[in-house]
Amino acid sequence: MNLLNGLNEPQLAAVTLPPQHALILAGAGSGKTRVLTTRIAWLISTSQARPPTVLAVTFTNTAAKEMLARLSAMLPINVKGMWIGTFHGLCNRMLRAHYRDAGLPQLFQILDSADQLAAVKRLLKSLNVDDEKYPPRELCWFINAQKEAGLRSAAVEAWDDWTKKRVELYAAYEAQCQKEGVVDFAELLLRCYELLERNEPLRRHYQERFKLILVDEFQDTNKLQYRWLKLLAGEGAALFCVGDDDQSIYAFRGADVGNMRDFEREFKVQNLIRLEQNYRSHGNILDAANAIIENNPSRLGKNLWTEAGAGEPIRVHESYSDGDEARFIVEEVKALARDGHARKEIALLYRSNAQSRALEHALFNAGLPYRVYGGLRFFERAEIKHALAYLRLIANENDDTAFARVVNFPARGIGARSIEQLADAAKTQGSSLHGAIPYVTGAGGAKLATFAALIVKLREAAHLPLPELVEHVLDLSGLREHYRNEKEGQERLANLDELVNAAAGFVAEDGVVGEEGELSLDLASFLAHASLEAGEHQAGEGDDALQLMTVHSAKGLEFNIVFICGLEEGLFPHENSLNENKGLEEERRLMYVAVTRARQRLYLCHAQTRMLHGQMRYNLPSRFIEEIPAGLLKFLTARANKSGYAVPTYANEAPVFDSAPRPQKSGGLRIGQNVMHAKFGLGVIVNAEGGGNDARVQINFGNAGMKWLALSVAKLEPV
DNA sequence: ATAGACATTCTTTTT
DNA sequence: GAATGTCTAT
């Protein structure tokens, strides 16, 4: 059978397993997605499974789409009957189908993390809670963590007064969401889990339907997701989980690698298959990745190998500043392009989104086309969120988050005082903000009534086809008008037009079809789509553009050439992670993911200085570079230049000291200078004060931390 | 009530 | 250096 052509032995074994529970430990680049999709295709084409019995779940929309695309290329029959999507997407689908049983309004809305934060802030304000003591961000994090552990507020055990209060606020937040008919991301999962748990007939129904359950990136599942899978997998179902413990990089949001062990034990998994042959990277790259990850204790154990040759050495480049780093990359990319490398096969990876700015700046100036993934996404832009808020009010006028967002945008004279009155009225009436409008008197009340009339008017258009409805909303709400008058509004107007296009191009998932005469269900599913899929597709998708993204969003992707930028202590590994439990190990796995994205060539870049929070930071090279055997590396710049500074590489570069803070003399040492200390090792001078016998310098010793040392006492060797 | 100036905080990663 | 929050002059 040609489906199976070209599979190696373990891959073949995994694909053709009979429908039983199986755990596949799939190393980076070992053909994981191929195994997953080929297995579905094989079981269907050999009549061991029918499409409607298949449920495949991934973490990202990109991965889901990829799987769907590959499947429809492999299978002549349609793939419509299968449920393929993200955890959140599938839960949303189930909740829409059984909204009554789930205790939700038919057109319930989804809060993305920004909406959730806004909702929490609103809650704290209405309860007069001190947001110094209960920071909204922290509270969101707390609530989500509880939900991800499967705990409702009533089930949380408070271990101190502070937490006791946080649990109370969690309860109030639950009530607020329920009243408004909205759910946040974690709620989608928890609500769906509870639905299946409590409703036996429904659970039976799905258990009898889904016989083949496949999970991608299993190492990234959290406790709740695992329990959800357990509920769904009934008698006779086969759970096929693919994962790699070395690529677990989402522990910070509740992912639990322990699920792999638990799955093996609880399902008595007989089929454990390791995919260790790597088809992606050249030997040197793989050796480096293996060397790095070996520093992590407590791995399930796995070593990648390849038949490909060693390939090129890994290039290490040190620059003086982040700007220099960006310019180096630009020059290098230009040279690569001249040699015939496609730009879209070159990726620039970084630890945090903020780093993209310097890179984008240099790329833009050089006229190199590039595409940034993540960052500000389409559906997260302010003007789009405003437009969506109006649409949400059409679907559900009790959506207070949406209401608060646009009640006075564009400005219609409803200020803080009116809103305050309205919130009070809502509280005494036990109603939503919208429901409280009749209870506000005076001038503010009149203006609010006008706004209510606007919503009624918009709602009258709800039967229109989606794109026309969006058009209607943009005009009637005054959003178009507002941005037309704003001087920087051109781009925003264009985005609003793009929203109309998105609505026109939107095809509702099957199973969620609008019915005649009913408040448009298309609208509800379009809004869900906007929340769940924040608009990954940007303009210029097909272009030959450089690919910029965080290491997190690069997981699952591969490129011929990869630059890992900002490989510095404090940045990668990130300083915040060092205080966290197992934080460094997660950072190291992140580095492992980054390195294994590259097929042919890998650059590791670091800079001595970098702007952060608007001030200069001096960083040591990342320990991860040192964890790679020196034999695999090729240093493009002299290491730890004796002068303490790398020589600026480019002619048009302004003299180093003009842009940098003037190096301060203190005992012959300067800021930015590398020094060696007998006890603390290598460090960088980051600050100095005093003079003469009093002179003290602050030194970043990386591992050993930041120290103030008196020059008269400390023995420092300039390096 | 609003716009604009000013100050403060933040950034790790995402569905 | 942005994005939010607070204050001040209209």
Side-chain angles (χ1 to χ4, degrees), chain A residues 57-64 85-92 110-118 121 125 131-132 135-138 140-141 144 147-148 183-189 217 220-222 224-225 248-255 322 349-358 361 373-377 379-380 382 408-420 443-444 447 486 528-536 549-555 566 570-580 583 586-587 589-591 593-594 610-617:
Chain A
V57 54
T58 62
F59 275 84
T60 64
N61 299 297
T62 327
T86 62
F87 277 101
H88 294 86
L90 295 177
C91 286
N92 174 49
I110 300 168
L111 302 184
D112 68 18
S113 12
D115 294 332
Q116 186 189 26
L117 186 64
K121 280 181 187 167
K125 192 160 252 174
D131 59 2
E132 298 268 286
R137 294 184 148 278
E138 197 281 334
C140 277
W141 180 87
N144 292 337
K147 289 188 179 184
E148 273 155 16
V183 298
D184 57 46
F185 283 145
E187 183 73 22
L188 278 174
L189 295 167
E217 309 277 15
D220 287 335
T221 49
N222 63 33
L224 183 58
Q225 287 161 336
S248 156
I249 53 175
Y250 286 109
F252 72 92
R253 87 177 186 209
D322 44 358
L349 306 184
Y350 36 82
R351 175 67 238 267
S352 61
N353 278 308
Q355 286 170 256
S356 76
R357 192 172 307 124
H361 181 73
Y373 290 73
L376 259 192
R377 298 184 203 171
F379 286 113
E380 289 168 3
N408 196 33
F409 193 95
R412 39 178 80 87
I414 302 172
R417 190 141 53 245
S418 306
I419 302 290
E420 212 168 287
K447 283 173 181 159
E486 199 174 72
H529 165 83
S531 304
L532 289 173
E533 203 170 326
E536 261 320 320
M549 66 193 84
T550 63
V551 181
H552 281 89
S553 41
K555 186 152 73 120
L571 193 59
F572 196 0
H574 197 278
E575 55 198 348
N576 295 5
S577 72
L578 299 178
N579 306 321
E580 284 162 20
E586 179 142 318
E587 292 291 305
R589 289 193 294 270
L590 201 50
M591 179 65 180
V593 168
R610 186 175 293 276
M611 286 299 270
L612 194 70
H613 292 50
Q615 62 177 347
M616 195 71 88
R617 298 255 315 230

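Labels below follow one simple rule: chain letters A, B, ... track the order of the sequence lines, proteins then strands, and each chain is numbered from 1.
The side chain of A/S352 lies closest to B/dT12 when the candidates are B/dT12, C/dA2, B/dT15. Residue A/R357 places its side chain closer to C/dG1 than to any other of B/dT15, C/dG1, B/dT13. You'll find that the side chain of A/E587 is closest to B/dT12, out of C/dA2, B/dT14, B/dT12.
In this model, the phosphate group of B/dT15 is not approached by any side-chain N or O of A/N222 to a distance below 4.0 Å at OP1 or OP2. Side-chain nitrogen and oxygen atoms of A/R412 include none within less than 4.0 Å of the OP1 or OP2 phosphate oxygen of B/dA1. In this model, the phosphate group of C/dG5 is approached by a side-chain N or O of A/K121 to a distance below 4.0 Å at OP1 or OP2. Within the 4.0 Å cut-off from OP1 or OP2 of B/dT15, not a single side-chain nitrogen or oxygen of A/S531 is found. In this structure, A/N576 reaches the B/dT12 phosphate: one of its side-chain N or O atoms is under 4.0 Å from OP1 or OP2. The side chain of A/N353 contributes an N or O atom lying less than 4.0 Å from OP1 or OP2 of B/dT13.
Salt bridge annotation for A/E148-A/R253: absent, with no cationic side-chain nitrogen under 4.0 angstrom from a carboxylate oxygen.
Taking atom CZ of residue A/R137 and atom P of nucleotide C/dT4, one finds them 10 Å apart after rounding to whole Å. Rounded to a whole Å, the CH2 atom of A/W141 is 14 Å from the P atom of B/dT11. When rounded to the nearest whole Å, the span between CG of A/L532 and P of B/dT14 equals 17 Å. Atom C1' of nucleotide B/dT13 and atom CG of A/D220 are separated by 12 Å, given to the nearest angstrom. As a whole-Å value, the separation of A/N408 CG from B/dA3 P is 8 Å. Rounded to an integer number of Å, the gap from A/L117 CG to B/dT14 P is 17 Å. Whole-Å rounding puts the A/H361 NE2 to C/dG1 P distance at 8 Å. For the pair A/I249 CD1 and B/dT15 P, the interatomic distance rounds to 11 Å; values are reported in whole Å.
Side-chain contact of A/Q225 with A/D220: a donor-acceptor pair under 3.5 Å is absent, judged by distance alone.
Stacking is found between A/F252 and the pyrimidine-like six-membered ring of the B/dT13 base under the 5.5 Å centre-distance and 30° plane-angle cut-offs.
Among the protein residues, A/R589 comes within range of no part of the nucleic acid, since none of its heavy atoms lies under 4.0 Å from any strand. Counting any heavy atom pair closer than 4.0 Å across all strands shown, A/F572 reaches no nucleic acid atom.
For the pair A/E148 and A/S418, nearest-nucleotide mapping onto DNA chain B gives the more 5' position to A/S418.
Scanning all heavy atoms of the two residues, the minimum distance from A/P573 to A/E587 falls at CA-OE1, 3.3 Å.
To the nearest 0.5 Å, the span separating OH on A/Y373 from CE on A/M549 amounts to 5.0 Å. One finds the NZ atom of A/K555 at 7.5 Å from the CZ atom of A/F59 (value rounded to the nearest 0.5 Å).
Taking atom P in both C/dT4 and B/dT13, one finds a spacing of 15 Å when rounded to whole Å.
A/H574 contributes no side-chain N or O that forms a donor-acceptor pair with the base of B/dT12 under 3.5 Å.
Using the six-membered ring where Trp is involved, A/H88 and A/F185 have ring planes that are perpendicular, over 60° apart on the 30 and 60° scheme.
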